[in-house]
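Notes follow once the structure below has been shown.
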Amino acid sequence: MSNDRAGDIAEKLRQQAAAMDAGEKLPSVRTLSRAYGASPVTITAAITVLAEAGIVRPEPGRGTFVAPRTQSGGGTGALRETRDEPDYAWQSSTLGRTRVDPGRAGRFGSAGTAGHVQLSWGYLAPELQPFDELRTIGARCAKSHRAWTMAPPMGLPELREAFAAELGAHRDEVLVMPGGQQSLAFAMRTLADPGSTLITESPGYPGATIAAQAAGLNIAAVQADAEGIIPSQFADALERTRAKLVYLQPGCSNPTGAVLSPERREQVLALAKMHGAFIIEDDWARNMSLEGTTAPQLFTQEPDGHVVTIATLSKPAAPGLRVGAIAARGPAGERLRTARIADDMCVPALTQEIALALLSSAAWPRHLGRLRAGLLERRDAMVEEIRAAMPGTRVATVPASGIHLWVRLPEGADSTALAAAANAAGVMIGDGRQYFVDEPPAPFIRLSYSAASVPQIRAGVHRVAGLLESQASTGR
Ligand SMILES: Cc1ncc(COP(=O)(O)O)c(C=O)c1O
């Protein structure tokens, strides 16, 4: 193909388009190819020249159309003329439907502004993070050569070892990951085929819902109560959907704080075995036990590789660290470890070094002790304030670990309107609606006590209580 030939044809096509109306369809590439005695490649090149000049708009699968006329381009403009605005319209038809629901993803992880009282953020307030330790350790680690070389794709051996001890796994079963969210998305994508079904407890973690959407999975929600997922409904869902992948938070549910009870653990594992299913266990709250009792990982209760467990340091340490781990047994573990390198070469060595130094320092247990005291004080203040200031609401479970309270609003209350009003009034709260995969059965809000101080918690709950009261008095 000669460029001159494509240029000549482009000029002829420009004249042809100028005589047509905007939105009219140009003849097909095959017809033009015949008409101009040129190859389809040359015709396509000519059309590309016109498209770049904004004279025509190719729509993949439909044809090429005369573009709307603008002052700077359009049918009568010169070919070399440039347009003021890029035209991304073609992308919509090329991309097709979005997998991740933008509404759900947009609401997720909203941090508000520095002026907001943060009762919706699922991480620690700066004063609860091991900031001094991280600063000292970080400076020391940054001086080592190892921090600036490529780490092994599975992670630093010593850090794998440290996570293995934490997870009740063998070092070889552990894969160091850049945090919990990435671990979820990666496990879902690697252990299930697009178009298959993932079962998740509901209410549940919205980040798992969008991770499943990103992996192209269908989602079947199964009701959970104060003891976790309800086994009879779980059994029905496995039967009905033939799902082979399940997402659960057995140690502590975000948002409800529920812990999967010992009886249900047995039932859930038996069902997973019977149906040949994998359970992704999101063990995010492991180091945030408030009452001194920690449920065992489901992973340690089952030897045959049905459970893949995920840990993160974002919650008990600092969210910016972005270090976590997956442990998995058998061919699934092998598959995860093989697939890992397709995503990136490794978790940055510097952050792995920092995580390793933190976990193996004497400062870590000291930090966890301080953290527990700080969270306990905040949890109790929040529960007390809700009970005093928000009559008609109910704290579903006073959680024995974690950082969230799940609050049932009075019948008929509008959680979405309340969350929006609270946001406008300077308090971030979680609209319960987003924790359900489908429609919520009742109005809830999620209030988190980890990111605010006790005075902020008290003031924030009061402000929300006032808004709830005025919602009720104005008939919503
Ligand atoms: C239940 C749960 N799992 C996983 C994550 C992801 O955490 P990370 O910051 O480690 O990606 C979160 C964060 O909010 C969470 O609440």
Side-chain angles (χ1 to χ4, degrees), residues 104-105 107-112 118-125 128-129 134 155 159 163 166-167 175-189 198 200-212 214-215 224 228-229 246-260 279-289 295 297-298 308-327 343-344 347-348 351-352 354-355 358-359 375 399 401-406 428-432 434-437 446-451:
R104 203 179 281 273
R107 284 189 302 273
F108 173 68
S110 166
Q118 188 42 272
L119 304 185
S120 172
W121 186 236
Y123 296 99
L124 302 181
L128 288 178
Q129 294 175 21
L134 282 171
L159 186 57
F163 273 118
E166 177 111 338
L167 294 168
L175 184 51
V176 176
M177 293 292 296
Q181 184 64 32
Q182 171 66 9
S183 303
L184 290 182
F186 173 65
M188 289 179 186
R189 182 158 31 87
L198 171 101
T200 176
E201 59 198 330
S202 183
Y205 170 51
T209 305
I210 57 173
I229 192 165
V246 182
Y247 167 78
L248 296 178
Q249 304 172 64
C252 176
S253 155
N254 169 9
T256 67
V259 180
L260 189 62
I279 297 173
I280 297 176
E281 173 184 41
D282 186 349
D283 198 28
W284 63 278
R286 174 128 311 259
N287 283 302
M288 299 168 122
S289 156
Q297 284 104 336
L298 215 51
V308 172
T309 193
I310 290 173
T312 177
L313 291 181
S314 306
K315 301 286 183 178
L321 193 56
R322 309 308 310 151
V323 175
I326 296 183
D343 274 13
D344 56 24
V347 175
T351 52
Q352 291 197 60
I354 294 171
L358 181 67
L359 288 180
L375 289 177
S401 58
I403 52 180
H404 308 296
L405 292 184
W406 186 233
M428 298 295 289
I429 63 170
D431 172 9
Q434 61 178 297
Y435 301 89
F436 293 96
V437 175
R446 191 197 71 173
L447 296 179
S448 309
Y449 46 82
S450 57

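Remember, it's 1-based here, ligands and their atoms both numbered in the order they're listed.
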At a 4.0 Å threshold, what atoms of ligand 1 neighbour a non-hydrogen atom of Thr312?
8 (P), 10 (O)

State the atoms of ligand 1, each with its element, that fall below the 4.0 Å cut-off from a heavy-atom position in Arg322.
8 (P), 9 (O), 11 (O)

Regarding ligand 1, does Tyr247 bring an N or O atom to under 3.5 Å of one of the ligand's N or O atoms?
no

Not counting sequence neighbours, which residues clear side-chain hydrogen bond (donor to acceptor under 3.5 Å, both in side chains) with Gln182? List them please.
Asp343

Could you say whether the N/O atoms of His404 and ligand 1 ever approach to under 3.5 Å?
no

Check ligand 1 against Ser314 and write out every atom of the ligand that is under 4.0 Å from a heavy-atom position of the residue.
8 (P), 9 (O), 10 (O)

Going by the rule side-chain hydrogen bond (donor to acceptor under 3.5 Å, both in side chains), which residues pair with Thr256 if we only count those two or more places apart in sequence or in a different chain?
Ser253

Got a donor-acceptor contact below 3.5 angstrom from the Gln249 side chain to the Asp282 backbone?
no

Is there a polar contact, in the sense of an N or O pair closer than 3.5 Å, between Gly180 and ligand 1?
yes

If hydrogens are left out, which of Leu321, Asp282, Ile310 has an atom nearest to atom 4 (C) of ligand 1, that is, the closest non-hydrogen atom?
Asp282

Quick one: does Gly122 get within less than 4.0 Å of ligand 1, heavy atoms only?
no

So which heavy atom on Ala325 is nearest to which on Ser183, and how close?
O-OG, 4.5 Å

Hey, does the side chain of Arg446 reach the backbone of Ser120 with a donor-acceptor pair shorter than 3.5 angstrom?
yes

Main-chain N/O of Ala212 paired with Arg189 side-chain donor or acceptor, under 3.5 Å:
no

Using heavy-atom distances, let me know which of Lys315, Gln182, Met177, Gln249 sits nearest atom 13 (C) of ligand 1.
Lys315

Decide whether Tyr123 and Gln118 meet the rule of one side-chain donor and one side-chain acceptor closer than 3.5 Å.
no

